[in-house]
Amino acid sequence: AAPLKTHTGAFPSSLDPTPKEFATGYNNFYEFGMEKDDPVLHSGDFHPLPWTLEISGLVNKPQQIDVEELLKSKEIEERIYRMRCVEGWSMVIPWDGIPLRSLLMLAEPLSSARYVAFESVVRPSEMAGQKDGISGISWPYVEGLRLDEAMHPLSLLAVGMYGDSLPNQNGAPIRLVVPWKYGFKGIKSIQRIRLVKDMPSTTWNKLAPDEYGFYANVNPKVDHPRWSQATERVIGSKSLFGEKRQPTLMFNGYGEQVADLYKDMDLRVNF
Amino acid sequence: MVSRWLIYIKIWICVLIFKKNWRVLLYGIGLIPALYLLWQGQTGRLGADPVNVFERALGLWAFRFLLVCFALSPLQVVSGMALKRYQRLTGLLAFIYAILHLGAYLFLDLQMNFSIFARDVTHRPFIILGMLAVLILLPMALTSNRLSMRLLKKKWKKIHSLIYVAVPLVLAHFYLSFKVFNKTIFFYLFITSVVVFLRFILTGFPRKQSF
């Protein structure tokens with residue numbers, strides 16, 4: 001991870017970031033293993049650069065974006081966002097990135113495009129977790145958003161965090177951050193973005209459709225079948241008895257910005 | 001002079017008690033993982049989400065002791081060693097860890113939010129299975145003494161055959177604590193199958209079982 005030129009962007013926030021050691025040492029990135037410390041311990045062989053991000057599908061101008069160039073961009077802005085994991089814990093992370101919409105606009109989506117499909121990298125030689133098939137996860141990791149969600153100014157393509165380029169365990173060199181959705185929507189090490197007509201299938205939805213919906217909006221009223229989502233453990237305590245639990249906010253606290261996207265939907269059905 | 005003799009007698013009594021009950025020490029050893037976890041938790045060595053790590057580790061220790069307890073009788077047949085005498089020890093340790101696990105869930109994880117707890121125990125198979133397992137271990141733990149054995153006679157065996165219900169319940173609860181199938185689940189599934197298999201071919205199933 002190298003220092004980035006970044007500036008305070010839209011949606012400035014006064015939230016206190018989680019200590020960096022936790023945000024970069026406690027990760028779900030099954031490509032490197034299933035334990036929370038596997039990504040930091042086993043991602044050393046991964047080579048994020050050079051990297052080309054492809055934007056294709058239902059667009060006027062397909063793009064091949066050189067992420068090394070992107071890292072030097074003056075457009076990189078800091079966004080301090082809440083991060084709520086579907087497992088019931090939360091962090092606050094200062095991301096550095098570029099709004100997803102600015103890159104999508106470059107490609108000029110056609111009017112027939114209604115969804116955005118994301119695809120992560122497949123490199124079993126550098127990602128040990130992709131070699132073992134026991135989990136039943138098929139690679140690449142895939143995720144998706146509705147086009148209006150993707151075009152929302154909060155949706156960010158992060159290339160850094162805490163002012164540095166992304167560490168491997170956090171999804172170097174480029175990842176998605178959608179702060180009002182559960183963390184698993186934030187697909188890491190993205191290689192391809194395709195604009196499509198139909199709702200794309202997504203990794204966790206394929207694995208357990210009753211537990212992980214396509215929308216995956218943070219919602220304290222819709223429980224995971226195995227645990228409540230009403231509250232969350234706050235990462236960053238110094239000891240066992242000091243760990244905080246706080247109420248989970250609707251849309252992770254971004255309701256004012258995003259609730260309109262779902263105004264005619266039953267969020268219990270479309271969870 | 002008299003007081004010195006009193007001390008000698010006291011020491012002698014202690015030695016006698018210890019000779020008969022030295023196995024009490026094993027409870028202390030069995031509780032080392034819990035104390036170690038507590039120390040790690042207190043000193044910030046359990047990582048980013050200490051409550052979760054603590055809670056899961058206690059549950060796993062409960063499962064481990066339960067499996068050892070369950071394995072002792074076939075292992076006695078295989079090895080010829082008098083292993084069944086450790087059934088009470090391992091069974092009680094399993095129960096103690098189960099209670100600690102439940103305590104960590106209620107007091108540290110849910111922080112006594114009883115409305116969440118009420119929903120958990122009524123709506124989530126994951127939690128219901130775990131709670132049932134604790135409820136089953138309770139009568140076993142309460143009757144794990146010689147007096148109960150003598151008083152309950154044949155009923156005692158029946159109560160303690162409940163381990164055949166407890167083990168699958170705990171296994172299912174353990175399985176559901178993961179998001180996807182993994183090596184850890186595979187490992188414990190394998191161990192459990194081996195023990196069940198050994199019990200079946202070596203000692204027969206509960207009806208013939210002598211505990």
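Protein chains get the first letters and strands the later ones, always in sequence-line order, with residue 1 at the start of each. What you are looking at is a predicted structure, and each value in this text was computed from that prediction instead of being measured.
The local environment of CZ in A/F241 is crowded, with over 12 non-hydrogen atoms from other residues, nucleotides or ligands closer than 6.0 Å. Around the CZ atom of B/F197, the shell of radius 6.0 Å holds no more than 12 heavy atoms that belong to other residues, nucleotides or ligands. Atom OH of B/Y36 has 12 or fewer heavy atoms from other residues, nucleotides or ligands within 6.0 Å. Environment of OH in A/Y262: crowded, with over 12 heavy atoms of neighbouring residues, nucleotides or ligands closer than 6.0 Å. Residue A/M265 places its CE atom among more than 12 non-hydrogen atoms of other residues, nucleotides or ligands, all under 6.0 Å distant. Surrounding NZ of A/K221 are at most 12 heavy atoms belonging to other residues, nucleotides or ligands under 6.0 Å away.
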side-chain contact (heavy atoms from CB on, under 4.5 Å) evaluation trace for B/N52 with A/W89: CA-CA 9 Å; B/N52 191 248; A/W89 52 264; over 6 Å; no
Derivation of the side-chain contact (heavy atoms from CB on, under 4.5 Å) call for B/K179 and A/N28: CA-CA 11 Å; B/K179 286 196 298 184; A/N28 280 318; 4.1 Å; yes
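With chain A as partner, the option from B/D120, B/T43, B/L176 having the largest number of non-hydrogen pairs under 4.5 angstrom is B/L176. Heavy-atom pairs under 4.5 Å with chain A were tallied for B/L37, B/I127, B/L110; the largest tally goes to B/L110. Taking chain B as the reference chain and counting heavy-atom pairs below 4.5 Å, the highest number among A/G25, A/S135, A/G136 is found for A/S135. Heavy-atom pairs under 4.5 Å with chain A peak, among B/L38, B/N113, B/N182, at B/N182.
A/W227 contributes atom CH2, which lies 13.0 Å from atom OH of B/Y105 (distance to the nearest 0.5 angstrom). Of the inter-residue distances, the one linking B/E55 atom CD with A/R233 atom CZ reads 7.0 Å to the nearest 0.5 angstrom.
Closest approach of B/I116 and A/A230 over heavy atoms only: CD1-CB, 4.4 Å. Across all their heavy atoms, B/V180 and A/M34 have their closest contact at CG2-SD, 3.6 Å. When all heavy atoms are compared, the tightest approach of B/V51 to A/E243 is N-OE1, 2.8 Å. Closest of all the heavy-atom pairs between B/R124 and A/H224 is NH1-O, 3.4 Å.
Salt-bridge annotation for A/R245 and B/D109: present, with a side-chain N of the basic residue lying under 4.0 Å from a carboxylate O of the acidic one.
Looking at A/I235, the atoms closer than 4.5 Å to chain B (heavy atoms on both sides) sit in the backbone and in the side chain alike. Of the two parts of A/R226, the backbone and the side chain both hold a non-hydrogen atom closer than 4.5 Å to a non-hydrogen atom of chain B. Contact annotation for A/D132: only side-chain heavy atoms (C-beta onward) come within less than 4.5 Å of a heavy atom of chain B. Contacts of B/F107 with chain A are absent, with no heavy-atom separation under 4.5 Å from either backbone or side chain. For A/E211, no part lies under 4.5 angstrom from a heavy atom of chain B. Heavy atoms of B/S115 lying under 4.5 Å from chain A are absent altogether.
Within the 4.5 Å cutoff, the side chain of A/S237 has heavy atoms near those of the B/P50 side chain.
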